[in-house]
Every structure is written in structure tokens, then in C-alpha cells.
Amino acid sequence: MLIPSEITLFIPYKSDTERLSVAAVWQNMGGQVIRLDRFWEKPANLLTQKFAIYGNDTFSLVSAQLFAIQLISPDDLLLTKLAPIWTKRQIHTQSLDSITDSLFPIFIKSVVPKQFKAAVYQTKTDLLVETEGLAHNTQLLVSEIVAIEAEARCFVLQYTLKDIAIYEGTTSLETGKEFIQDFLDNVPDLPQTFVVDLGYSSIKGWFILEFNASWGAGLNGCAPEKVIECIIAATINP
């Protein structure tokens, strides 16, 4: 694959091994890379009119606004819309002020990514300490606790698995490939590109852990040359 010469990849200036490996592959494929330091300021004398972005949330979202481009992201509530066959656990949304003591211990994360630490919380007090300062109606994803023996990251483009790698624990990757392919073959209305993390337990088998955007997700063992197309597709130019 050759990178179209008119597409420039923007990554943060701050050094990051995974982003630098993507940048190296991008350049080897004929593309241009710009590492933005003051990313809230548009670079002077920028001739290119098409971009792809790969970086953390703040960098990517600010850069998208700056260059008037759209980033493709999975629906924040996608996990709650899936059938239990894919999640292998009960998941629902709930406001922060409606959380009761009887729920704990429970796994909780924010619907809007990274508003606070996603974790198993043992008590309501622990959660309130972590979420101090957030609005009472902040929406949460609440999930029953499941044992996870292994985790794998998948990059997907147009319902095709581009790469998969186990980044935590050990198990058969072949069964993980079969699970994610079954998911892609049977679940409609998914984004053009996205990253999905899978969990595995010997009791439940494989299941969907969470979704992330191709423009921001780390490689977690996936090969940069296999996921470049996902990163390109995650940015929609005007």
C-alpha cells in the first residue's frame, strides 16, 4: 500500500513509541508526517489540504476543530446496545446521582470517555471520591464484574478485521479471530472503522470489552502497517 501523497499525518510532538512507529511506516509508504507541538495553532505555510490524525483525545479533537475535519468514533453507548451474546454480562447506563450502595462492588466507567478512572469500585464512597467535581447527572456505564484471563485489541475497517493482538494474558488467538469475525458478520450499523477490545475467560469465552476510535487507540501489539488504512479512514476531510 502507498499513502496518497496529498494526505499528511498529524501526530503529537511529544514522543510516543507507538505513534512514532505508525509515523515511520507512514513515511516508508510515501506519506508526509507532521509532529505538532503547539497543536492548537495551525502551522504556517501548510500546503496540504487533506489530513489524517493519530493521537490522544485532546490532541485529536482540538486538531479536528482547527482543520475543520471530522473524526469517526464509535457511539459512546454502543456497548449497551449489543445483545448479551457479545458482551457476556449485563451493562446499563445510570446517572451518578442514582447510584446506590446496594450495587457495589461493580465496574463503572463514564459514558463520555476518560472523565474519571474506569475501574471496579468496592463502595459508593470510593466512586464519589474518584468523581468529585463531576455533575450529579454525569452518565455512567455500569457493568457486572467478570473475570478476565486475557485481552486482545482489534482494528476494524469496513467490517474487515485488519489486525488483532493479545496485549494481556494468554489464550488462543484463533478463537478470538473467530469471535470477532462472527461479530462483524452479524452486527449491523457499525462505524466505518473502529477499534474493539475483547476479553476472554475460560467460563464465558470471548466477549466485547469496549470500543475505541481508530484515530486515538494505541496499537497494543497490532502491526502499524496493517492498521494504517484504519487511521486514514478515521479522518473525514471536507
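Computed from a predicted model, the values in this text were never measured in an experiment.
For the residue pair Leu209 and Gly199, the shortest heavy atom distance occurs at CG-N, 3.6 Å. Nearest heavy atom pair, residue Gln122 against residue Pro105, reads OE1-CB, 3.6 Å. Of all the heavy atoms in Lys88 and Val146, the pair that sits closest is O-CG1, 4.2 Å. Listed here is the closest heavy atom pair of Cys230 and Leu157: SG-CB, 3.9 Å. What you find for Ala64 and Ile53 is that their closest heavy atoms are N-CD1, 3.8 Å. Here the closest heavy-atom approach between residue Phe155 and residue Cys222 is recorded as CD1-SG, 3.8 Å.
Under the 4.5 Å side-chain contact rule for hydrophobic residues, Phe107 and Ile208 do not share a cluster. Put simply, Leu127 and Val111 are part of two different groups of oily side chains (I, L, V, M, F, W, Y) that touch within less than 4.5 Å, one to the next. In the hydrophobic cluster analysis, where Ile, Leu, Val, Met, Phe, Trp and Tyr join through side-chain heavy atoms closer than 4.5 angstrom, Leu134 is grouped together with Phe104. No chain of hydrophobic side-chain contacts below 4.5 Å, direct or via other Ile, Leu, Val, Met, Phe, Trp or Tyr residues, connects Leu161 to Val227.
Under a 3.5 Å cut-off, the side chain of Asn220 and the backbone N or O of Arg153 do not form any donor-acceptor pair. Checking side-chain atoms of Ser60 against main-chain N and O of Gly55 turns up a donor-acceptor pair under 3.5 Å. Looking only at distances, a side-chain donor or acceptor of Thr123 sits under 3.5 Å from a matching main-chain atom of Asp126. Panel note: side chain Glu229, backbone Ala233; no donor-acceptor pair is recorded below 3.5 Å. Remark: side-chain polar atoms of Asp37 are not paired, donor with acceptor, to backbone N or O of Tyr13 under 3.5 angstrom. Ser110 places a side-chain N or O within donor-acceptor distance of the main-chain N or O of Gln115, the cut-off being under 3.5 Å. Glu18 contributes a side-chain N or O that, together with a main-chain N or O of Leu219, makes up a donor-acceptor pair within less than 3.5 Å. Distance alone, capped at 3.5 Å, is enough to place a donor-acceptor pair between the Glu149 side chain and the Ser202 backbone. A donor-acceptor distance shorter than 3.5 angstrom exists from the side chain of Asn186 to the backbone of Asp182, with no hydrogens or angles considered.
Legend: residues meeting salt bridge (charged side-chain N to carboxylate O under 4.0 Å, His left out) with Glu132, ordered by chain and number and at least two apart, are absent.
Side-chain N/O atoms of Thr235 and Trp215 include no donor and acceptor closer than 3.5 Å. Side chains of Ser143 and Gln90: a donor-acceptor N/O pair is absent below 3.5 angstrom, by distance only. The closest side-chain donor-acceptor pair between Tyr167 and Glu151 falls under 3.5 angstrom. Asn56 and Thr58 form no side-chain donor-acceptor contact under 3.5 Å, judged by distance and modelled atom types alone. Thr8 and Gln32 share a donor-acceptor pair across their side chains, judged by distance under 3.5 Å alone. For the residue pair Thr193 and Ser214, a side-chain donor N or O sits within less than 3.5 Å of a side-chain acceptor on the partner.
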Just do the side-chain contact (heavy atoms from CB on, under 4.5 Å) check on Leu20 and Ser15 with the steps written out, would you?
CA-CA 7 Å; Leu20 291 178; Ser15 182; 3.5 Å; yes
Worked verdict on Tyr121 versus Leu103 for side-chain contact (heavy atoms from CB on, under 4.5 Å)
CA-CA 10 Å; Tyr121 288 91; Leu103 283 174; over 6 Å; no
Check the pair Phe67 / Phe10 against ring pair (Phe, Tyr, Trp, His ring centres under 6.0 Å), numbers first and verdict last.
CA-CA 11 Å; Phe67 294 100; Phe10 289 144; 4.8 Å; yes
Given Phe51 and Ile69, is the side-chain contact (heavy atoms from CB on, under 4.5 Å) satisfied, shown in steps?
CA-CA 8 Å; Phe51 318 105; Ile69 53 183; 4.2 Å; yes
Take Gln27 and Val25 through the test side-chain contact (heavy atoms from CB on, under 4.5 Å) and record every step on the way to the result.
CA-CA 5 Å; Gln27 290 172 317; Val25 169; over 6 Å; no
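The line from NZ of Lys177 to CH2 of Trp206 is 11.0 Å long, rounded to the nearest 0.5 Å. Taking SG of Cys154 as the reference point, atom CZ of Phe194 lies at 8.5 Å (rounded to 0.5 Å). Between the CD1 atom of Ile231 and the NZ atom of Lys162 there is a distance of 12.5 Å, given to the nearest 0.5 Å. Atom CZ of Arg35 is separated from atom CG of Asp16 by 9.5 Å, given to the nearest 0.5 angstrom. Leu9 contributes atom CG, which lies 12.0 Å from atom CE of Met29 (distance to the nearest 0.5 angstrom). With rounding to the nearest 0.5 Å, the separation of CD1 in Ile164 from NZ in Lys226 is 11.0 Å.
Using a 4.5 Å heavy-atom threshold, the side chains of Ile11 and Leu36 count as separate. Within the 4.5 Å cutoff, the side chain of Leu140 has heavy atoms near those of the Ile99 side chain. Using a 4.5 Å cut-off on side-chain heavy atoms (C-beta onward), Ser95 and His136 make no contact. Counting heavy atoms from C-beta on, the side chains of Leu173 and Thr171 never come closer than 4.5 Å. Counting only heavy atoms from C-beta outward, the side chains of Ile148 and Phe207 approach each other to under 4.5 Å. Counting heavy atoms from C-beta outward, Leu141 and Ile108 have side chains that stay 4.5 Å or more apart. When side chains are defined from C-beta on, Lys109 does not count as touching Lys114, because their heavy atoms never get closer than 4.5 Å. Asp97 has its side chain out of reach of Thr138: every pair of non-hydrogen atoms, C-beta onward, lies at least 4.5 Å apart.
The residues Asp101 and Lys124 are annotated as not salt-bridged, no charged nitrogen and carboxylate oxygen being separated by less than 4.0 angstrom.
Each of Leu79, Leu77, Val142 was checked for a side-chain contact (heavy atoms from CB on, under 4.5 Å) with Thr93, and the lone residue meeting it is Leu77.
Under the 30°/60° scheme for interplanar angles, the aromatic rings of Phe183 and Phe211 are found to be tilted. Using bins of under 30°, 30° to 60° and over 60° for the plane-to-plane angle, the ring pair Trp86/Phe179 lands in the perpendicular bin.
The environment of His92 atom NE2 is dense: over 12 non-hydrogen atoms of other residues, nucleotides or ligands sit within 6.0 angstrom. Counting non-hydrogen atoms of other residues, nucleotides and ligands closer than 6.0 Å to CD1 of Ile145 gives a total above 12. Within a 6.0 Å sphere centred on CD of Gln94, heavy atoms belonging to other residues, nucleotides or ligands number more than 12. For Gln65, the CD atom sits in a loose shell: 12 or fewer heavy atoms of surrounding residues, nucleotides or ligands are nearer than 6.0 Å.
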